Amino acid sequence: VFASPLARRLARDAGLDLSAIKGTGPHGRVVRADVEAAIKGGGAKPASASVATGEPRKVQSLEQMGVAPGSYDLVPLDGMRKAIARRMTESFRDVPHFPLSIDCELDALLAARTKINALLESQGVKVSVNDFVIRASALALKAVPDANASYTPEGLAMHHHADIAMAVAIDGGLITPIIRQAELKSLARIATEARDLANRARERKLKPEEFQGGTFSVSNLGMFGIKAFASIINEPQGAILSVGAGEQRPVVKNGQLAVATVMTVTLTCDHRVVDGAVGARFLQAFKPLIEDPITMLA
């Protein structure tokens, strides 16, 4: 229904169905006066059961929402895009999301990465910042096992291993291949597996077991210059870590102003599983691993 925001709010508060109200505004738009007249005259039907009960609303066409016909090109949805839209909508609607953010200094990690990659060059292995993040996430999940959990109607599933799903953008959507038992794997092994999974994901050659399940997700948009963001949880996982860009920022050290390379990460939690205290403990375990990466090499 083409209606002004005020008209929509008035109709909702009065329990009226906007589609039963004739609009007198430009191009048939329902305006405040139309809703007020319907309230006084009783000419509009009660709002549909879906509005009253909180069920998913009926999808309207762009034209019904005021977009002129012929003013856009329609790209058909493939199966992957439909599945992504359905799962993300269900997750955002049904899972009580909340975010927790923390800043991590990266200078020691970047220095360690340079040395590690020099040592691994002969093996053809190159470790990325994201590989460090995956390793640190896995170790933090083992240190705070309450964060490595999933909600089920029967109870909380406490996972034995940290199976880290990593978000990979591909043509037509997004897929999350999984590093299984990441807490048991070295940085070199994680880097090798991550590169192989990402390449095969883009070629659409992954097996279902390589991208279904997982206990935790990592989504990194730092390479696009995104400073900070919060992701939608990938059910049935209890949390997802969103990784921003590392950038030079002013920091205070020992009372003195200095410059450090800082990365903001945001942990989005399913409040049914990971409450604020558990999420905070996870980030407290994650941060020192990133800032002192030698602890990840033990």
Side-chain angles (χ1 to χ4, degrees), residues 54 87-106 108-109 129-130 132-167 174 176 178-179 181-183 213-222 226-247 249 251-253 260-293 295-296:
R87 291 193 63 199
M88 292 298 98
T89 299
E90 291 171 350
S91 177
F92 200 72
R93 182 189 67 220
D94 299 334
V95 176
H97 289 60
F98 76 95
L100 298 170
S101 296
I102 198 168
D103 291 336
C104 302
E105 293 187 18
L106 288 183
L109 185 150
V129 171
N130 206 53
F132 279 94
V133 170
I134 291 172
R135 170 77 171 155
S137 297
L139 295 177
L141 288 173
K142 297 305 291 183
V144 186
D146 287 347
N148 195 33
S150 297
Y151 174 85
T152 78
E154 294 76 32
L156 301 184
M158 311 304 293
H159 300 292
H160 298 161
H161 294 287
D163 296 333
I164 309 295
M166 56 177 194
L174 187 75
T176 51
I178 300 163
I179 306 290
Q181 301 186 14
E183 80 280 5
T215 69
F216 185 89
S217 284
V218 170
S219 179
N220 191 336
L221 293 179
I226 302 301
K227 183 176 180 179
F229 66 106
S231 301
I232 297 175
I233 291 170
N234 184 19
E235 290 188 280
Q237 299 165 17
I240 180 171
L241 190 71
S242 307
V243 182
E247 60 179 4
R249 303 181 198 170
V251 298
V252 177
K253 295 184 177 183
T261 305
V262 179
M263 172 181 74
T264 298
V265 298
T266 299
L267 182 71
T268 304
C269 309
D270 177 349
H271 210 304
R272 301 170 301 177
V273 185
V274 181
D275 61 25
V278 172
R281 291 206 308 273
F282 169 86
L283 290 175
Q284 286 178 335
F286 174 85
K287 179 180 171 75
L289 290 166
I290 291 293
E291 296 189 335
D292 188 9
T295 55
M296 281 192 262

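For reference, positions follow the sequence shown, starting with 1. Values in this document were obtained by computation on a predicted structure and should not be read as measured data.
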Gap between atom CD1 of Ile290 and atom CZ of Phe132 - 0.5 Å precision: 8.0 Å

Heavy-atom pair of closest approach, residues Ile178 and Ala165: CG1-CB, 3.9 Å

Rounded to the nearest 0.5 Å, the CG atom of Leu283 sits from the CD1 atom of Ile102 at a distance of 5.0 Å

Please report the C-alpha distance between Arg249 and Asp103 in whole Å, then the side-chain angles of each, then the deciding distance to 0.1 Å, and finally whether the side chain to side chain contact (heavy atoms under 4.5 Å, CB included) criterion is met. CA-CA 11 Å; Arg249 303 181 198 170; Asp103 291 336; 3.5 Å; yes

Please give me the minimum heavy-atom distance between Gly214 and Gln237, naming the atom from each residue. O-CG, 3.4 Å

Can you tell me how far CD1 of Ile232 sits from OG of Ser219, rounded to the nearest 0.5 angstrom? 10.5 Å

Where Ala260 and Val251 come nearest, the two heavy atoms and their spacing: CB-CG2, 3.8 Å

Between the side chain of Arg135 and the main-chain N/O of Met296, is any donor-acceptor distance below 3.5 Å? yes

Lys142 (side chain) donor-acceptor with His160 (main chain) under 3.5 angstrom: yes

How long is the straight-line distance from CG of Leu139 back to CG of Leu289, given to the nearest 0.5 Å? 5.5 Å

Student check: side-chain heavy atoms of Val133 and Phe286 closer than 4.5 Å: yes

Ignoring hydrogens and angles, state whether a donor on the side chain of Ser101 or Thr264 is under 3.5 Å from an acceptor on the partner side chain. no

Gln284 (side chain) donor-acceptor with Gly279 (main chain) under 3.5 angstrom: no

Quick one: do Val274 and Phe282 satisfy side chain to side chain contact (heavy atoms under 4.5 Å, CB included)? Show the steps, please. CA-CA 10 Å; Val274 181; Phe282 169 86; over 6 Å; no

Close side-chain approach of Tyr151 and Pro236, heavy atoms under 4.5 Å: no

Roughly how far, to the nearest 0.5 Å, is CD1 of Ile240 from OG of Ser231? 4.0 Å

Look only at the side chain of Ser91 and the backbone of Arg87, and say whether a donor-acceptor pair between them is shorter than 3.5 Å. no

Going from OG on Ser150 to CZ on Arg272, what distance comes out if it is rounded to the nearest 0.5 angstrom? 9.5 Å

Over all heavy atoms of both residues, which pair between Asp94 and Pro96 is shortest? Give the atoms and the distance, please. O-CD, 3.7 Å

Do the side-chain N and O atoms of His161 and Thr215 include a donor-acceptor pair separated by under 3.5 angstrom? no

Got more than 12 heavy atoms from elsewhere within 6.0 Å of CZ, Phe92? no

Between Phe216 and the options Leu241, Ile134, Asn234, the side chain to side chain contact (heavy atoms under 4.5 Å, CB included) test singles out Leu241

Give me the atom names and distance for the closest heavy-atom approach of Leu106 to Gly246. CD1-CA, 3.9 Å

Does any N or O in the side chain of His271 come within less than 3.5 Å of the main-chain N or O of Cys269, such that one atom is a donor and the other an acceptor? no

Backbone N/O of Ala138 and side chain of Glu183: donor-acceptor pair under 3.5 Å: no

If you apply the rule side chain to side chain contact (heavy atoms under 4.5 Å, CB included), what do you find for Phe98 with Thr268, and how did you get there? CA-CA 6 Å; Phe98 76 95; Thr268 304; over 6 Å; no

Using side chain to side chain contact (heavy atoms under 4.5 Å, CB included) as the criterion, point out the one residue from Asn148, Asp163, Asp146 that pairs with Leu141. Asn148

